[in-house]
Amino acid sequence: MTDIRQLLHQLASAEAELQSTQFLSPCVKGGQVRTRVAGIVYTFTPKPRQFEGWGIFQPTNEQAATLVEEADLPQIATYLHQFPILRLRLAYRLQNQTWLAYPVNEADMRQRFRVVKPVPVHLVTEGMTFDQITARRHGNAYWFEAIDRRDDPMIVEALQSALKQLTPVEELQFKGITPEMRSLYELVGQRTEGFAQPQRDEQQLRQALKLGGGELHQFQDRGDYWTVEWATADGNCHTSAIAKADLTVVSSGICLSGRDRDFDLQSLVGVMEQQEW
């Protein structure tokens with residue numbers, strides 16, 4: 001009985017202390033805030049409900065806490081320094097101030113956190129796609145700390161330039177590139193309009209030529225058709241214009257007596273081989 005009374009007394013004391021406690025907490029839009037008082041973790045619904053950022057909160061009861069004021073940078077820094085740091089590169093915004101980011105060093109992330117994957121980072125107040133940042137991990141959540149000023153700005157420029165040109169990930173190449181950067185680039189590319197199309201086009205052309213016994217070298221988009229550079233099995237190179245709609249031949253590159261459109265890319269390989277023979 002004494003133990004129960006003592007426990008009830010401790011709970012009453014903790015609740016009394018809770019009412020007079022102000023605490024700092026990060027808050028995502030529509031989320032909740034937490035604090036620990038007398039060893040007990042309390043979770044609150046913030047007021048105003050739509051607040052997003054770092055705030056000083058005052059509990060109003062066991063379920064809700066009111067924003068007293070926004071936290072300043074020294075307070076935020078002191079809070080974040082309690083937790084392990086991780087370097088990441090920003091991929092794209094998920095919603096509001098939450099971004100998806102990819103680790104700069106996969107081996108480091110695996111060793112420390114036993115996982116390698118893109119992670120959401122909350123309360124990102126500055127930065128853009130491909131920027132390197134520092135974040136702090138608390139539990140399973142990652143909180144933005146700062147732009148990593150040690151990063152080489154030329155890397156970000158190279159990645160942004162390649163994405164603008166829709167460069168396929170397998171052709172991505174510049175000084176200082178890492179496997180992690182390729183993974184990040186591919187991640188961003190999946191959300192970029194038009195990025196995946198050249199890869200699909202290349203696969204389609206390569207497959208058609210392979211079935212006919214040829215090999216794709218390169219191709220260029222000409223609007224309604226592609227200019228395709230390819231080779232027959234014996235290595236002879238050809239340049240042909242191929243319709244996008246159905247892979248029929250617009251121009252074979254040799255004289256077919258006006259019968260170019262009677263063939264598609266796959267059958268053109270055999271025609272060219274007979275011509276060579």
Side-chain angles (χ1 to χ4, degrees), residues 10-11 13-15 17-127 129 131-148 151 180 183-184 187:
Q10 289 175 347
L11 289 173
S13 297
E15 290 177 7
E17 183 179 352
L18 180 66
Q19 297 295 323
S20 60
T21 298
Q22 291 187 353
F23 63 94
L24 184 152
S25 177
C27 181
V28 298
K29 193 172 183 179
Q32 296 178 310
V33 293
R34 291 182 178 179
T35 190
R36 184 188 299 271
V37 177
I40 302 174
V41 175
Y42 292 88
T43 301
F44 303 97
T45 298
K47 296 183 178 180
R49 190 72 180 91
Q50 296 304 306
F51 174 75
E52 183 169 38
W54 293 87
I56 306 296
F57 295 90
Q58 172 74 55
T60 53
N61 54 49
E62 292 184 6
Q63 287 80 40
T66 300
L67 175 68
V68 177
E69 61 182 356
E70 293 192 34
D72 58 32
L73 291 178
Q75 290 172 320
I76 297 170
T78 299
Y79 181 96
L80 287 173
H81 284 174
Q82 304 174 75
F83 310 115
I85 191 172
L86 185 67
R87 284 180 166 77
L88 303 147
R89 285 191 183 274
L90 295 175
Y92 50 81
R93 187 189 307 273
L94 294 172
Q95 61 178 356
N96 303 317
Q97 294 182 24
T98 298
W99 282 65
L100 193 69
Y102 198 82
V104 168
N105 187 323
E106 292 180 352
D108 176 60
M109 187 178 190
R110 181 181 295 108
Q111 180 179 5
R112 296 166 62 198
F113 305 122
R114 303 182 191 178
V115 65
V116 174
K117 63 178 182 179
V119 295
V121 180
H122 304 296
L123 302 186
V124 179
T125 53
E126 59 177 325
T129 297
D131 273 348
Q132 184 167 306
I133 65 166
T134 58
R136 300 280 178 163
R137 173 170 166 158
H138 183 198
N140 291 323
Y142 293 84
W143 301 98
F144 174 79
E145 182 176 45
I147 296 292
D148 191 352
D151 186 38
E180 290 85 351
S183 296
L184 170 68
L187 194 65

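- The heavy-atom pair separating Pro46 from Gly31 by the smallest distance is CD-O, 3.2 Å.
- Of the candidates Asn105, Ile133, Leu184, Leu100, Leu88 forms a side-chain contact (heavy atoms from CB on, under 4.5 Å) with just one, namely Ile133.
- Summarising the geometry, atom CG belonging to Asn140 is positioned 10.5 Å from atom CZ belonging to Phe113; distances are rounded to the nearest 0.5 Å.
- A distance below 6.0 Å separates the ring centres of Phe44 and Phe23.
- Of all heavy-atom pairs spanning Glu106 and Val116, the tightest one is O-CG2, 3.3 Å.
- Expressed to the nearest 0.5 Å, how far CZ of Arg34 lies from SG of Cys27 amounts to 12.0 Å.
- Summarising the geometry, atom OG1 belonging to Thr43 is positioned 6.0 Å from atom CD belonging to Gln32; distances are rounded to the nearest 0.5 Å.
- Residues Trp99 and Phe144 place their aromatic rings such that the two centres sit no closer than 6.0 Å.
- Heavy-atom minimum distance, Met109 versus Val115: CG-O, 3.2 Å.
- Tyr42 is not listed as a side-chain neighbour of Gln63, based on a closest heavy-atom distance of 4.5 Å or more.
- The local environment of CZ in Arg137 is crowded, with over 12 non-hydrogen atoms from other residues, nucleotides or ligands closer than 6.0 Å.
- For the pair Thr98 and Pro120, the tightest heavy-atom approach, listed with the atom from each and the gap, is CG2-CB, 4.0 Å.
- The only member of Val124, Leu123, Leu80 that meets side-chain contact (heavy atoms from CB on, under 4.5 Å) when paired with Glu145 is Leu80.
- Gln97 approaches Glu52 most closely through the heavy-atom pair N-OE2, 3.5 Å.
- Interatomic distance, CD of Gln22 versus CD1 of Ile56, reported as 7.5 Å (0.5 Å rounding).
- Between Asn96 and Lys29, the closest side-chain pair of non-hydrogen atoms falls below 4.5 Å.
- More than 12 non-hydrogen atoms from other residues, nucleotides or ligands lie less than 6.0 angstrom from CD of Glu126.
- For the pair Leu90/Thr129, no side-chain contact is recorded, criterion being any heavy-atom separation below 4.5 Å from C-beta on.
- Rounded to the nearest 0.5 Å, atoms CZ (Arg49) and NZ (Lys47) are 10.5 Å apart.
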- From CA spacing to verdict: ring pair (Phe, Tyr, Trp, His ring centres under 6.0 Å), Trp143, Phe83: CA-CA 10 Å; Trp143 301 98; Phe83 310 115; 9.4 Å; no

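- Here the shortest heavy-atom pairing between Ser25 and Phe57 reads O-CE1, 3.6 Å.
- Remark: Arg87 does not engage Asp108 in a salt bridge, criterion side-chain N to carboxylate O under 4.0 Å.
- Panel note: side chain Arg112, backbone Leu86; no donor-acceptor pair is recorded below 3.5 Å.
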**Item:** Intermediate values then yes/no, side-chain hydrogen bond (donor to acceptor under 3.5 Å, both in side chains), Arg89 and Tyr102
**Value:** CA-CA 5 Å; Arg89 285 191 183 274; Tyr102 198 82; over 6 Å; no

